[in-house]
*Asks:* 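One structure coming up, written as structure tokens, with questions to follow.
Note that the structure is a prediction, hence the values are computed from the model and not measured. Numbering of ligands and ligand atoms starts at 1, following listing order. Values below: every heavy atom of this structure, side chains too, minus hydrogens, waters and symmetry copies.
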Amino acid sequence: MNPSTSQAFETTVVHAGEDPERHMGSLSTPIYQTALHVFPNAEDGHLIHEGHKPGYFYGRMGNPTQAALEQAMCEVEGGEAALALASGMAAISNAILSIVEPGDHIVAPASLYATTGALLDGLLPKLGVKVSYVDATHAANYQEAVTPKTKLFYLESPANPTMKMVDIEAVVSVARSKSITTVMDNTFATPYNQRPLDLGVDVVVHSATKYLGGHGDLTAGVIVGRKDVVDRAHWQTNKVLGGVIAPWTAWLVIRGLRTLALRMERHNSNALKLARFLANHPKVREVHYPGLETHPQHVLARRQMKGFGGMLSFDVGGVDEGRRLVDNVKLCSLAVSLGDVSTLIQHSASMTHAIVPRERRLAVGITDGLLRLSVGIEDPDDLVADLRQALQHV
Ligand SMILES: *Cc1c(COP(=O)(O)O)cnc(C)c1O
């Protein structure tokens, strides 16, 4: 289905990737639980195997259910091509490895999803790729970090767990002037709230484990954007890395996409209500949420986001206070991950960022008493009541 440009996002997500004619009239794309597709003849066998003719032949190289998800992601992000993979990290590592070569240089934000940091610090240097970290809240810092070898700008906004923002258009404009490719992690915002490709970003990556799947019951990732990069990821990088998505998982992500707009509307409004409640609570020192007027980049958030998302973080003072709070919530679940229909809370200093030395943590704003909240779609008053009673123990 080709959505007209005037079609609302709410409509696009319900129908994206739909193609009953190709699937015996089936409105829901079937799960093609097969690793093999037979070739009609030798000539087609050659062409399909080499990617010169569309078709399927072997599970690692594509599957019709996976293709329906890829088509859907092109529609919801506004991209030319997409590749669905086994996890968000498969998508991120694949996208980066499809762009850089030994000797190349990457500029990335200091405040970053921790495992992406481990990829940039651990694997890439072994392949001869250098990385510089910058305070990404100022686009000029990207410009200053550029060397003649810079091939890729990596962006993440809002950033985990500090909710710092990157001015997407400003960074893209620096990149374009120097023929540098931009890759952006859009997991936190989702295409409902933020459309990086429309702002000139070359490639978007997602952990579909989070909002796209939406129910905390799958692990998946997606690369979407410039066709030359996606083709290289499909036919070269992932051919050898093999991080393919399972057909059943691809179907679940499509199922999740159908309600993405509805869920995000509620995630957005619930998070704003909780952010306002926390900002006025005497035991809370600071709340980080782009939708609050007090967020240092609130004006930028209004410019580049439609809504402000379901993620926020707040500071209750010290490590002990943070631990006491998470030990006393009843409705919120003490769990990592995010983007689930249920509300999840975690204490960054003792959990996701426990391995990061304290000085480095503090330098990027991950303070001792910082709690990250992935606000679910429950009734907001019930969530406020739960946090209110838990804060009494802090
Ligand atoms: C979870 C997450 C990832 C990694 O995704 P996986 O599906 O766990 O591999 C990458 N970036 C962000 C922002 C995430 O939240």
Side-chain angles (χ1 to χ4, degrees), residues 66 69 73 77 82-97 106 108-124 136 154-166 168 183-194 196 201 203-225 233 238 241-246 249-250 252-253 256-257 260 264 267 271 288 290 305 308-313 335-340 343-346 348 351-353 356 364-366 372-376:
Q66 173 189 338
L69 169 59
M73 284 307 299
E77 281 283 6
L83 178 66
L85 293 148
S87 71
M89 283 316 302
I92 292 167
S93 54
N94 227 294
I96 293 175
L97 291 170
I106 297 175
S111 190
L112 189 66
Y113 182 73
T115 313
T116 305
L119 167 71
L120 299 178
D121 287 341
L123 181 63
L124 290 178
Y154 192 83
L155 296 83
E156 188 181 310
S157 182
N160 175 42
T162 55
M163 306 308 292
K164 287 181 182 167
M165 316 254 313
V166 182
I168 302 170
V183 176
M184 175 153 192
D185 187 332
N186 200 30
T187 301
F188 264 43
T190 82
Y192 178 78
N193 286 321
Q194 178 168 279
V201 166
V203 177
V204 159
V205 288
H206 271 286
S207 170
T209 314
K210 316 294 168 53
Y211 289 103
L212 302 185
H215 297 73
D217 53 10
L218 62 89
T219 307
V222 180
I223 304 173
V224 51
N238 195 53
L241 293 181
V244 68
I245 191 170
T249 309
L252 277 174
V253 179
L257 282 177
L260 180 68
M264 291 316 299
H267 283 297
H288 307 283
M305 298 179 84
F308 306 109
M311 298 301 299
L312 63 87
S313 57
V336 296
S337 196
L338 58 107
D340 200 304
T343 298
L344 311 173
I345 192 165
Q346 69 111 359
S348 302
M351 292 166 196
T352 47
H353 292 74
V356 181
V364 293
I366 304 171
R372 188 184 77 182
L373 197 62
S374 170
V375 182

*Asks:* Does the E156 side chain pair with the main chain of T116, one donor and one acceptor, at a distance under 3.5 Å?
*Replies:* no
*Asks:* Pick, from H206, E156, K210, the option with the minimum heavy-atom distance to atom 14 (C) of ligand 1.
*Replies:* K210
*Asks:* Is ligand 1 under 4.0 Å from a heavy atom in the side chain of L338, in the backbone, in both, or in neither?
*Replies:* side chain
*Asks:* Compute whether any side-chain donor of one residue and acceptor of the other, for T352 and Q346, lie under 3.5 angstrom apart.
*Replies:* yes
*Asks:* Please list the nearest protein heavy atom to atom 9 (O) of ligand 1 with its residue and the distance rounded to 0.1 Å.
*Replies:* M89 N, 2.8 Å
*Asks:* Taking the side chain as every heavy atom from C-beta outward, state whether L241 and L85 have any pair of such atoms under 4.5 Å apart.
*Replies:* no
*Asks:* Report, in ascending order of atom number, the atoms of ligand 1 lying under 4.0 Å from any heavy atom of S207.
*Replies:* 1 (C), 2 (C), 3 (C), 4 (C), 5 (O), 6 (P), 7 (O)
*Asks:* Could you identify the single nearest non-hydrogen protein atom to atom 7 (O) of ligand 1 and state the distance to 0.1 Å?
*Replies:* T209 OG1, 2.6 Å
*Asks:* If you measure from OG on S374 to CG on L338, what distance do you get to the nearest 0.5 Å?
*Replies:* 5.0 Å
*Asks:* Please list, in number order, the atoms of ligand 1 under 4.0 Å from a heavy atom of G88.
*Replies:* 5 (O), 6 (P), 7 (O), 9 (O)
*Asks:* Looking at ligand 1, is there an atom of it that comes within less than 4.0 Å of some heavy atom belonging to D185?
*Replies:* yes
*Asks:* Are the side chains of V166 and M184 in touch, meaning some heavy atoms are under 4.5 Å apart?
*Replies:* no
*Asks:* Would you find a donor on one side and an acceptor on the other, under 3.5 Å apart, between the side chain of S87 and the backbone of A90?
*Replies:* yes
*Asks:* Any atom of ligand 1 sitting under 4.0 Å from a heavy atom of I92?
*Replies:* yes
